[in-house]
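Working notes, structure below.
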Amino acid sequence: MSATKSWLTLLSNALLAFALLLSSSAAAQVASAVVEQPQLRAQLLSEAQQVAAGERFTVAVKLMPDAGWHTYWVNPGDSGLATTLAWQLPAGSEAGAIQWPIAHKFRIGPLANYGFEGDTYLLTDIAVPADYSASDYTLAVRADWLVCEDYCIPGFAELSVTLPVGAETSLAPSQRDSFASARAQLPERADWPAAFDIQAKQVTIAVRHADAAAMASDDSFYAFVGAGELVEHATDGTVFVSDDTVFIQRPQNTFYSGVADTIPLLLVSDQRAVLLNATQQAKGQALNVKGLAVNAAVKPPAPLTNLPLMLLFAVLGGLMLNLMPCVFPVLSLKALSMANSGDQRRSHALWYSAGVIISFLAIAAVLLALRATGAALGWGFQLQNPWLIAAMALLFTAIGLNLSGLYQVATRLMGLGGSSQPEHGPRGSFATGVLAVVVASPCTAPFMGVALGFAIVQPPLVALSVFAALGFGLALPFLLIAWIPALAKRLPRPGQWMERFKQWMAVPMYLTAVWLIWVFGRQTGVDSMALLLIAAVLMATMLWWLGLRQLQPQPSITGGLLTLALMSLSLLALAASLQFAQAPSKTATAADSEQNWQPWSAAKLSELQQAGQPVFVNMTADWCITCLANEKVALDTAATRALFAEHTIAYLKGDWTLQDPAITEYLGQFSRNGVPLYVLYWPGQEPQILPQLLTPAIVREHITQFVSP
Amino acid sequence: MLKQLLTLLTAALITTSAWATPEIGQPAPAFTVIDSKGVTHSLSDFAGKTVVLEWTNHDCPFVRKHYETDNMQSLQREMTGQGVVWLSVISSAPGTQGFVSSAQADQLTADRNAAPTAVLLDSDGVMGRAYDARVTPHMYVIDSNGVLRYAGGIDSLPTAKHEDVAKADPYFATAARAVLAGETVERSISRPYGCTVKYAD
């Protein structure tokens, strides 16, 4: 009995010891002992239960402060101390930087701190050296923290874990939840372009990304700047969004004494937390500029930018021209005659095609020349320009109405083409090609309008290629028939279907007009859009009237007068819509596309001064974030525009992006070697230099001081 | 729309409202505060003398670091020995950490063998806010012309570890010695580290 009992005792003791051994080895390997310190307990956790040479694994220092107590972020704010981890690792190992969780802001009287409440995991990646050969791996860390409520207690803990080394890293199932909650506390990482600069004791940070803009429009948005003593922490500063760029302006910290070139920036809203790097913008450094240059205009949907696709469409368009009522009958006749022309047919077709394509290129060249003249005169052909959008909307409406058959485009060239007799030989074929373009013009004109409207916003080479492709498309059936004469017999007969086809083609024209009107509406507002639609109605009425007159053999003078009257009315409505355009767009957003400045030049400035006009000079550069911010906040605003207009102040802007020597010299006159520089010239007064940081109030004050009460 | 208007207004406010910030190279903000002996001190009383301001809170671990290592007392002796006026300022509001009665203040000075010229009791925080003092210890040096020459931390190592006192670059002491020697201060601003000054809200 006693023997049995003692055996049982022995067995149970042995089992207990074995169980203890198992549990202690499993627990001690992945989690250190918990170190108790005043108001905070600390522990080291390993995500891996076995590590391997040459591999990485993640560990966490878990801080468990008492309720209401907090530890600090990498930038602790006005006081406090970031937690530090000092690792003691086997030789050759590397410990990464702390992956900080999403910070919170704590207000303490007039000051602010950044840190973490509740269980906080400070994650660090550990790299085991490739030549590590020992059977276990011990990592030790000394964690130093400051834990604060109203008052603060510094504390530290020395923590360590020992892990077995194996062929590969394996994760500890017991730690899965801890590391999942640890990672849930981490911000997302992003590489959104971000830069900051310091001017006039203000720090301006710009982040360019649509997501950042979306975050910043939320009231809960806050930017945690990961550098001590760069910005003031307690004031929220100013945040504003322009298109997809967020500007964050904060007063420079009173105890600012320098900053690293790159700093962490943590953007937090109720929905998201994103960590990025912001780079200090050096003077003249154009590297980041393109990523950050702010596009003030409302962007119209981008036109097609894929050149091969564009050319394909142009060829198809040209091909379709052959189906038009005034082209197709010619095509069928030509095709038949050509199929019968024997040996010469190929060279005939080639010369004909050359004639067509060169005619199209000539049209494009005229167009480009016009555009260049226009640009020289200062009116740019850009889709951002509401004038051009409105004109194109009307053009497309007119094209659509023409295709629907409301009126005809009659040209005298038609007769010319019909009467000329094609010559023989290459020259004859070439001339036929040219004439084909001319003869087809009544039907092709609307389509040419489309190509024209499209190509006008493209670079010259692209515009030329598009027109050449159109010509190629038009000539394509001839080329095909020249090589495969049998095709000629397959061509359908001319007939009523051609007219129907033309009328169907009106639909895409109307839809294009709708798109353009929508873009115009986005740029200018609903009121202007309504006026543009009135212009379109008046124009349609005029075209309808014109169409009626085209049917009369003897047009009456009164009818002609009515046409003229309707045309001028529709132009008036168009002009009014653009005049009106400025009101809503100015108040709605800072992004006002209407330009109210002229480029600066020394000559222009002195000319305006001699004319006795007040002048406001703005020296800016693309890479100058403060400059851009000032323009958004204080210069491109409805109030300031109105103020400039009211006092007929000429606004000159100098662009120092490429360090124009003339501007450098001008800056030198004011003992400046950088931008921004704002100078107000009032007749009979000394030039006034405005602060480098503008508000609408500052601009107003400087102007109104000169205006006699 | 409303938000944009608000941000504009805020921008206007931030830029136009005068920030009560002490500036290096500018006259130091004036103050008039009673000390633990009941004597009223004003900055103007010390014209012609170099003045050191030390914000303190005897229970703050960062202050204790410098008192328990005798660093602060040594600096007080060194400076006052050269005619410097050393003012320890307590801006803790009543009921907060570091707040003391005048008797307690004198007791602390005796217990810690400290040697300030006077201990100023700024429990309403007026002087602290004028100097934008944020932490304890927060150090300022004002030259004999009343111009602020240094503002910031006591040294380069923002920790509460006693052993770091000897390892740190003593920013404040270097600046104060330069002012006394009539030299330019190389580093006139540094990160103030320590416990938050316990201002009345």
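Side chains are part of it too, since the values below use all heavy atoms of this structure and drop only hydrogens, waters and symmetry mates.
- Taking 4.5 Å as the limit, every side-chain heavy atom of B/Thr159 sits out of range of all side-chain heavy atoms of A/Asp144.
- Heavy-atom distances place the side chain of B/Lys198, and not its backbone, under 4.5 Å from chain A.
- Side-chain contact check for B/Ser190 versus A/Glu229: every heavy-atom pair is 4.5 Å or farther apart.
- Residue A/Pro76 touches chain B through its side chain alone, counting heavy-atom pairs closer than 4.5 Å.
- We find the SG-CG distance between B/Cys195 and A/Asp150 to be 11.5 Å, quoted to the nearest 0.5 Å.
- Both the backbone and the side chain of B/Thr196 come within contact range of chain A, judged by heavy atoms closer than 4.5 Å.
- Counting heavy atoms from C-beta on, the side chains of A/Tyr151 and B/Asn57 never come closer than 4.5 Å.
- No part of A/Phe156 comes within reach of chain B, as not one of its non-hydrogen atoms sits under 4.5 angstrom from that chain.
- Between chain B and the options A/Gly77, A/Pro154, A/Gly228, A/Pro691, heavy-atom pairs under 4.5 Å are most frequent for A/Pro154.
- None of A/Thr254, A/Asn253, A/Asp78 except one satisfies the side-chain contact (heavy atoms from CB on, under 4.5 Å) rule with B/Asp132; the exception is A/Thr254.
- Of the two parts of B/Tyr199, only the side chain, counted from C-beta on, holds a non-hydrogen atom closer than 4.5 Å to a non-hydrogen atom of chain A.
- Counting heavy-atom pairs under 4.5 Å between each of B/Ala200, B/Gly194, B/Ser188 and chain A puts B/Gly194 at the top.
- Of residues 134-156 of chain B, those residues with a non-hydrogen atom less than 4.5 Å from any non-hydrogen atom of chain A are, in numerical order, B/Arg134, B/Val135, B/His138, B/Tyr140, B/Ala151, B/Gly152.
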